[in-house]
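Note sheet for the following structure.
Worth saying up front: this structure is predicted, and the values here are computed from it rather than measured.
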Amino acid sequence: MPRSGWVKPQSDQRVSDHISVGVLTRVFPPELVDRVVAQAGRRERRQRLLPARVVVYYVLAMALFADASYEEVMRRLVEGLSWESGWQSSWEVPSKVAIFLARKRLGSEPLALLFHAAARPLAVEATRGAFYREWRLMSLDGTCLDVADTPENETLFGRPGTGRGQGVGAFPQLRLVALSETGTHAICEAALGPYTTGENALADELIGTLEAGQLCLADRGFYSFKRWLNARETGAQLLWRVKANMVLPRERQLTDGSYLTRIYKDQKDQRAKRDGEQVRVIEYQLDDGARSDPEQRYRLICTILDPEHGPAGELGALYHQRWELENALDELKTHQRGPRVVLRSKTPDGVYQEAYGYLCAHYAIRRLMHDAALAADVDPDRLSFTSGLRAAQRSARTRPGFSPPQPRDRS
């Protein structure tokens, strides 16, 4: 008799060769999954009831079916493995304990490696709304995710304070900073850490992934002289908001209302006019018809110094596309995960594993949506993320993605 858990099929092939989660299998093919599992040193030395490849796909399925129990996620993952698909016996779903132990054995590293290996900008020349002139638009931003309230998670991640500065938040939090392709909402790079880790410390892990041919948008909280120089060294163009009280003297007025100045490491260098970096400043005020609000005043610095290559009016309007990354993060937090849903993992390594699973699933959904938008010749922003999520869920349950085993020759 087989052990509890999977019922052994009447086939010489492993169950992991037949697992499919629809669009996720297409974006993260088995050979890539096997490669990152081996790279992380998680390859099995013996046949297990839940092989590493299956567990990776299970974590991805958890991110697709956030409202389902552990056991129900597994049922949906293997719905195609039935008598009608050519198997000679059905499958018994592993217990919650068996799934927990399998996830613990896998760890978070294979999921992190999988995301970093597969996530790339999606837009091609024909993609609508993904480029400004010759530059691919990218955005940098951050958010926090609530995690399960356990002593282990609280110790590692920490909790936010309350709005009035008294007490602490209801849940520990994981901090996430992402670099996203603005026009497609595809999160291409991400850095994760405890809530106690500063957003800028995580941003520093991503700056080096910028590339020539990209134009990066970032809010005022990310600016520092060193971070600006590090980002500029990648060859990417930058359009970042800075604080209203930053000293930016007009050195040369330009025809479009913007002006050139220099930024410095500190006030000492600025007073000595030593080792400055030339930038272009664009200032404007949003007029919403209400009384003047300092928060509506914008000061942008950019590396595009010639107004002919980027007029101030165009760059000012372009900056507000940075909010597309906030929309992408909201897709991950609210629509994909579910409103007020906490990451379910009880241990820190499980939290990281689950978070990377969500990032992988979000990227796969966005790739599906980009392909659909490209075929219809529409801007990906016009497509509903919720509809994309449902399409991905349907693909996981209705597309087995494999050929049924052939009957053995009994002659």
Side-chain angles (χ1 to χ4, degrees), residues 121-141 178-186 188 207 210-223 227-229 231-244 246 248-263 277-289 292-328 370 373-374 377-383:
L122 296 173
V124 296
E125 187 176 348
T127 304
R128 291 181 176 268
F131 295 87
Y132 171 69
R133 300 198 177 195
E134 68 265 37
W135 296 294
R136 183 189 302 272
L137 295 178
M138 306 294 291
S139 297
L140 182 69
D141 207 350
L179 183 66
S180 170
E181 185 177 42
T182 310
T184 65
H185 292 199
C188 304
I207 289 296
L210 290 169
E211 299 176 358
Q214 296 178 344
L215 172 55
C216 176
L217 314 175
D219 201 7
R220 56 191 166 186
F222 288 104
Y223 172 77
R227 189 168 300 110
W228 177 271
L229 292 185
R232 190 68 186 98
E233 286 177 0
T234 66
Q237 301 289 348
L238 311 177
L239 180 63
W240 292 9
R241 189 181 179 186
V242 295
K243 294 180 179 179
M246 184 174 175
L248 297 171
R250 293 175 184 265
E251 296 182 357
R252 180 185 167 194
Q253 187 70 41
L254 300 175
T255 56
D256 64 348
S258 63
Y259 62 92
L260 299 181
T261 190
R262 291 182 182 274
I263 56 176
E277 177 79 5
Q278 190 172 56
V279 298
R280 181 166 157 229
V281 182
I282 300 167
E283 298 181 329
Y284 58 96
Q285 178 89 21
L286 292 184
D287 184 5
D288 58 3
S292 178
D293 182 352
E295 292 296 317
Q296 299 296 87
R297 184 187 175 202
Y298 285 78
R299 303 180 83 201
L300 311 178
I301 59 174
C302 73
T303 55
I304 304 172
L305 303 181
D306 188 345
E308 292 294 323
H309 296 157
E314 291 182 6
L315 294 179
L318 184 69
Y319 171 76
H320 293 276
Q321 290 197 34
R322 187 193 66 79
W323 293 102
E324 295 298 333
L325 177 50
E326 294 206 5
N327 292 337
H370 173 258
L374 201 60
D377 192 25
V378 298
D379 191 319
D381 288 346
R382 294 185 58 189
L383 302 184

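For the pair Glu283/Arg297, a side-chain contact is recorded, criterion being any heavy-atom separation below 4.5 Å from C-beta on. At least one side-chain heavy atom of Leu215 sits under 4.5 Å from a side-chain heavy atom of Leu318. The shortest side-chain heavy-atom distance between His185 and Pro380 does not fall under the 4.5 Å cut-off. Put simply, the side chain of Val279 does not reach to within 4.5 Å of the side chain of Cys302, judged on heavy atoms. Between Ile263 and Trp228, the closest side-chain pair of non-hydrogen atoms falls below 4.5 Å. Phe131 is not listed as a side-chain neighbour of Leu137, based on a closest heavy-atom distance of 4.5 Å or more. Between Glu277 and Arg262 there is no side-chain heavy-atom pair separated by less than 4.5 Å.
The environment of Glu308 atom CD is sparse: at most 12 non-hydrogen atoms of other residues, nucleotides or ligands sit within 6.0 angstrom. For Arg133, the CZ atom counts as densely surrounded, since its 6.0 Å shell holds more than 12 non-hydrogen atoms of other residues, nucleotides or ligands.
With Tyr284 contributing its side chain and Gly316 its backbone, the two residues share a donor-acceptor pair below 3.5 Å. The backbone N or O of Ala236 sits less than 3.5 Å from a side-chain atom of Arg232, completing a donor-acceptor pair. Gln253 places a side-chain N or O within donor-acceptor distance of the main-chain N or O of Gly257, the cut-off being under 3.5 Å. At distances below 3.5 Å, not a single donor-acceptor pair connects side-chain atoms of Arg128 with backbone N or O atoms of Leu374.
Residues Gly183 and Asp379 come closest through the heavy atom pair O-OD1, 4.2 Å. Annotation for Leu210 and Ala231: closest pair CD1-CB, 4.1 Å, computed over non-hydrogen atoms. Thr234 and Ile207 get closest at one heavy-atom pair: CG2-O, 3.5 Å. The two residues Tyr259 and Arg250 come nearest to each other via the heavy atoms CD2-NH1, 3.1 Å. Nearest heavy atom pair, residue Ala123 against residue Ala130, reads CB-CB, 3.4 Å.
Aromatic ring orientation, His320 versus Tyr298: perpendicular (interplanar angle above 60°, classes split at 30° and 60°).
From Met246, atom CE reaches atom OG1 of Thr261 across 8.5 Å, with rounding to the nearest 0.5 Å. With rounding to the nearest 0.5 angstrom, the CH2 atom of Trp240 is 11.0 Å from the CG atom of Asp219. Summarising the geometry, atom CZ belonging to Arg252 is positioned 9.5 Å from atom CG belonging to Leu305; distances are rounded to the nearest 0.5 Å. Here Asp306 contributes atom CG and Ile304 contributes atom CD1; the two are 10.0 Å apart, rounded to the nearest 0.5 Å. Within the model, atoms CG of Leu239 and CG of Leu315 stand 5.5 Å from one another, a figure rounded to the nearest 0.5 Å. The CG atom of Leu217 lies 9.5 Å from the CG atom of Leu300; values are rounded to the nearest 0.5 Å.
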Candidate pair Arg322 and Arg241, rule side-chain contact (heavy atoms from CB on, under 4.5 Å), full reasoning: CA-CA 10 Å; Arg322 187 193 66 79; Arg241 189 181 179 186; over 6 Å; no

Candidate pair Gln237 and Gln214, rule side-chain contact (heavy atoms from CB on, under 4.5 Å), full reasoning: CA-CA 6 Å; Gln237 301 289 348; Gln214 296 178 344; over 6 Å; no

Full working for side-chain contact (heavy atoms from CB on, under 4.5 Å) between Cys188 and Leu179: CA-CA 6 Å; Cys188 304; Leu179 183 66; 5.7 Å; no

Residue pair Val242, Leu248: steps toward the side-chain contact (heavy atoms from CB on, under 4.5 Å) verdict: CA-CA 10 Å; Val242 295; Leu248 297 171; 4.1 Å; yes

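Note on Glu211 versus Arg136: no salt bridge recorded, every NZ/NE/NH1/NH2 to OD/OE distance being 4.0 Å or above.
The side chain to side chain donor-acceptor pair (under 3.5 Å) search around Asp256 returns Ser258, Arg280, not counting sequence neighbours.
Remark: the Gln321 side chain and the Thr182 side chain contain no N/O donor-acceptor pair separated by less than 3.5 Å. Looking only at atom types and distance, the side chain of Thr127 has a donor-acceptor partner in the side chain of His370 under 3.5 Å away.
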